[in-house]
Every structure is written in structure tokens, then in C-alpha cells.
A.B. asks: 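Let me give you the structure first, and then I'll get to my questions.
The chains referred to below are lettered A, B, ... by the order of the sequence lines, with proteins before strands, and numbering in each begins at 1.
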2 protein chains.
Amino acid sequence: MEDRVNQIKQQLSAHNYKLTPQREATVRVLLENEEKHLSAEDVYLLVKGKSPEIGLATVYRTLELLSDLQIIHKLNFGDGVTRYEFRAEGAEHHHHHLYCLNCGAVDEIMEDLLGPIEEKVEKEFDFQIIDHRLTFHGICHRCKGQVKDPKKLVGSKVT
Amino acid sequence: MEDRVNQIKQQLSAHNYKLTPQREATVRVLLENEEKHLSAEDVYLLVKGKSPEIGLATVYRTLELLSDLQIIHKLNFGDGVTRYEFRAEGAEHHHHHLYCLNCGAVDEIMEDLLGPIEEKVEKEFDFQIIDHRLTFHGICHRCKGQVKDPKKLVGSKVT
DNA sequence: TTGGATGCAAAGTTTTTGCACTGTG
DNA sequence: CACAGTGCAAAAACTTTGCATCCAA
């Protein structure tokens, strides 16, 4: 954990940015909730719990900065909020998401399933891949058999 | 084209919705610009060109409706706007996107590359896949060698 | 002292909602 | 008449920006 904070500190200074207390608090919240895909608001509330003087704008600015430096990723699951997560450790892009249409949970697949596919795409479309996003939308194991809101899944008018 | 409008009309009436003139105009704009991934605003402006009396709210409501019925898809490429596209023709989910970080263009890959991967995921994670989103972010063939805004690609402070 | 960073509030974007009205069955 | 559908404007939700202030080098 301290290692990772230090690593980020170095990544920032390599680009002439400082790891201010606010930025550090934000980074720590992200690290402590790594698997949770927090929104900016989530991060703000968590940081505010520890350091009440921080402003929402600072959180946004910090997330934008970390995102520009590719330390974290922006994610969109179509619910109108941008979520953030750390990039996969090994510098390479590596993992994918399972988004449950019933309960909204986001689980992770930690394997990279796309290696061979990327090679094919790069060649076939003359496209230099920098990153990818792969999300499966469906019903998670927890919701199986107890879908609460079918309307969300297949629209229909309740008459 | 008329076929597809009729097909959509039937999908709507199957759920007790009508294909009103506004909805039809919206659908036609989407069909005429199928490969373009229009935002709600884009659709609104195009529809307004033909039927000036339409309201933006109606466009949003129509897109939401079509999306609930899974006639169209919502897409997010992280630029803050929701875009829309028709679902792949063959009822199955089938295609993927190439999003250029330099020029913002969105190209399509019309093959489904994920078949075997989905089987694996369904088994391994006990997750019932209804849909997927796969987007590669990178540099498109048009931009190769003439990247205009490297900052967007690798953040750095311009001092 | 100088410039980056911050907090607050105001403004900006995108999307949703309330409500009266319209048109068709 | 009933009621889905609509247009408009207001409101909401999320994010960015302006600006005075603060702080470390």
C-alpha cells in the first residue's frame, strides 16, 4: 500500500506534479476501494470522511489528473456516472468487467482474454491499440433466479 | 429501409407502444446514419431539420424507449455523451468498436470475436451474458503518424 | 515571491421531469 | 372521453471553471 502510494508519487513528479495531501487522500481512498469502481461523488464522500476540508472540485481535478497520467481509468457502465479504477498493475491492460443488469454490481475478470484478438485487430484494421474495454452485461450469480426488475432487461409497458 | 421501419413498428406494438410521427422521424434518422453513433443532440438536430416542431425531450424519451426495447444500444466512449446505434441485425450481439483517441472517430468491427470467450466466462463466473461491449482505444489508420494532441494520450504538464 | 494547488460558488452540459395540451381510438 | 404521447420550460444530475486565497520551494 505504501509502496503504491510512493510509486504514484513518483509518477506524478515525473510529470512535475506534486502529491499534495488532498491528492494523497484521494489516492488512498482509491487504493482502499480498489475493486469498487467508485464515482467521483463516492470518492469525495470517502475522502471527506477523513479530511472534511476537501472540495469536490479538487477530487474531480485529481481524478482527471490521475486519468491523464494513466494511473487510473475512467469507466462508464451506462448509468450516467463516470467511475474510476486503477490500471492493472502490470502496466499492461489486463482485466474486464461483468456488469449485472439486475443489481448493478460490477465484478472483475482478472485474466486478459484478448491477447490474440488484439493482434488480429491491429493487423486487420491497421489500428494501433493503446487500451481496450470489455464489459459483459447480464445477470450475475447472486441475482440468478431472483431478477427484481425485468423491465430494465426487456422493456415492456406495464398496463 | 421501409422493411426495417415496419419491423420496428411491430416491435413497438408488441409492447403496446405506437410508432408516432416523432418516433418514426427519430427512427429514420437513426437508420439513415446507422454507422455514425449519434448523440441525442445529434439526433435532435437531424430530426428537427425535417420536423422542426419536435422537442428534445421527445427525442430523449424515444431513445430511452428504443433502448429499453433493445432496438437500439446506448454507447459510451468516455467523452461525456451517450451515443446510440442499432443493435446488430441478426438478433445476436455481434460487433465491436475502434475508438480513436486522436480524432474521436468510431469505426466498427463487424465480426463477433467473442464467441468462445463468452462460453468460458459464463461457465467460469456463473454469469448469464445478455450483451457485451468491446471497444479498443487507440490510434486509427487515418491518424497514424500525425497525432495532433499527444497530451490526451499521455498526460504531461506543459511547462 | 512565485506559481501550483485548493475551496467555494457559479456556470456549463447533458438528461430528466412536471404539466398542460393534443390527437386518436 | 380516456389516455398515450408531446412540447416547453423548469429542474436535476454531473462536471468544469473562475477567482481569491493558501502554501511550499
A.B. asks: Between Arg23(B) (CZ) and dG7(D) (P), how many Å, whole number?
C.D. replies: 11 Å

A.B. asks: Taking atom P of dA25(D) as reference, at what distance in whole Å does atom CG of Asn16(A) sit?
C.D. replies: 14 Å

A.B. asks: Under a 4.0 Å N-O cut-off, is there an ion pair linking Lys18(B) with Glu24(B)?
C.D. replies: no

A.B. asks: dT6(D) P sits how many Å from Glu64(B) CD, rounded?
C.D. replies: 14 Å

A.B. asks: Expressed in angstrom and rounded to an integer, what is the separation of Tyr60(A) atom OH from dG18(D) atom P?
C.D. replies: 17 Å

A.B. asks: Ile54(A) side chain: which of dT17(C), dT16(D), dG7(C) is closest?
C.D. replies: dG7(C)

A.B. asks: As an exercise, state the distance from OG1 of Thr135(B) to CD of Glu108(B), rounded to the nearest 0.5 Å.
C.D. replies: 10.0 Å

A.B. asks: Rounding to a whole Å, what distance do you find between Asn76(A):CG and dC14(D):P?
C.D. replies: 12 Å

A.B. asks: Go through His95(B) and Leu134(B) one step at a time and tell me if the side chain to side chain contact (heavy atoms under 4.5 Å, CB included) criterion holds.
C.D. replies: CA-CA 8 Å; His95(B) 77 288; Leu134(B) 173 57; over 6 Å; no

A.B. asks: Between Glu41(B) and Lys48(A), which residue's closest nucleotide on DNA chain C lies nearer the 5′ terminus?
C.D. replies: Lys48(A)

A.B. asks: So which one's nearest nucleotide on DNA chain D is more toward 5', Tyr44(B) or Lys18(B)?
C.D. replies: Lys18(B)

A.B. asks: Taking atom C1' of dA24(D) as reference, at what distance in whole Å does atom CD of Gln22(A) sit?
C.D. replies: 13 Å

A.B. asks: Tell me which nucleotide among dT16(C), dC14(D), dT15(C) gets nearest to the side chain of Ala40(B).
C.D. replies: dT15(C)

A.B. asks: Taking the basic N atoms (NZ, or NE/NH1/NH2) and the acidic carboxylate oxygens, is any pair closer than 4.0 Å for Glu64(A) and Lys74(A)?
C.D. replies: yes

A.B. asks: Say you draw a straight line from CD of Glu32(A) to CD of Glu34(A); how long is it, rounded to the nearest 0.5 Å?
C.D. replies: 10.5 Å

A.B. asks: Roughly how many Å is it from NE2 in His15(A) to P in dG4(C), rounded to a whole number?
C.D. replies: 17 Å

A.B. asks: Between dA5(C), dT16(D), dT6(C), spot the one nearest the side chain of Thr58(A), thanks.
C.D. replies: dT6(C)

A.B. asks: For the helix from dT1(C)-dA25(D) to dG25(C)-dC1(D), what angle lies between the axis at the first five pairs and the axis at the last five pairs, to 10 degrees?
C.D. replies: 10°

A.B. asks: Which nucleotide sits closest to the side chain of Arg61(A): dA4(D), dA5(C), dC8(C)?
C.D. replies: dC8(C)

A.B. asks: OP1 or OP2 of dT15(C) versus the side-chain N and O atoms of Thr82(B): is any pair under 4.0 Å?
C.D. replies: yes

A.B. asks: Categorize Ser39(B) for me: base, sugar-phosphate, or nothing, with a 4.0 angstrom heavy-atom threshold over every strand shown.
C.D. replies: nothing

A.B. asks: Can you find a side-chain donor-acceptor pair between His15(A) and Asp68(A) that sits under 3.5 Å?
C.D. replies: no

A.B. asks: Leu45(B) CG to dT13(C) P: how many Å, rounded?
C.D. replies: 14 Å

A.B. asks: Tell me, please, whether Tyr99(B) has Arg133(A) positioned over its six-membered ring: NZ or CZ under 6.0 Å from the ring centre and within 45 degrees of its axis?
C.D. replies: no

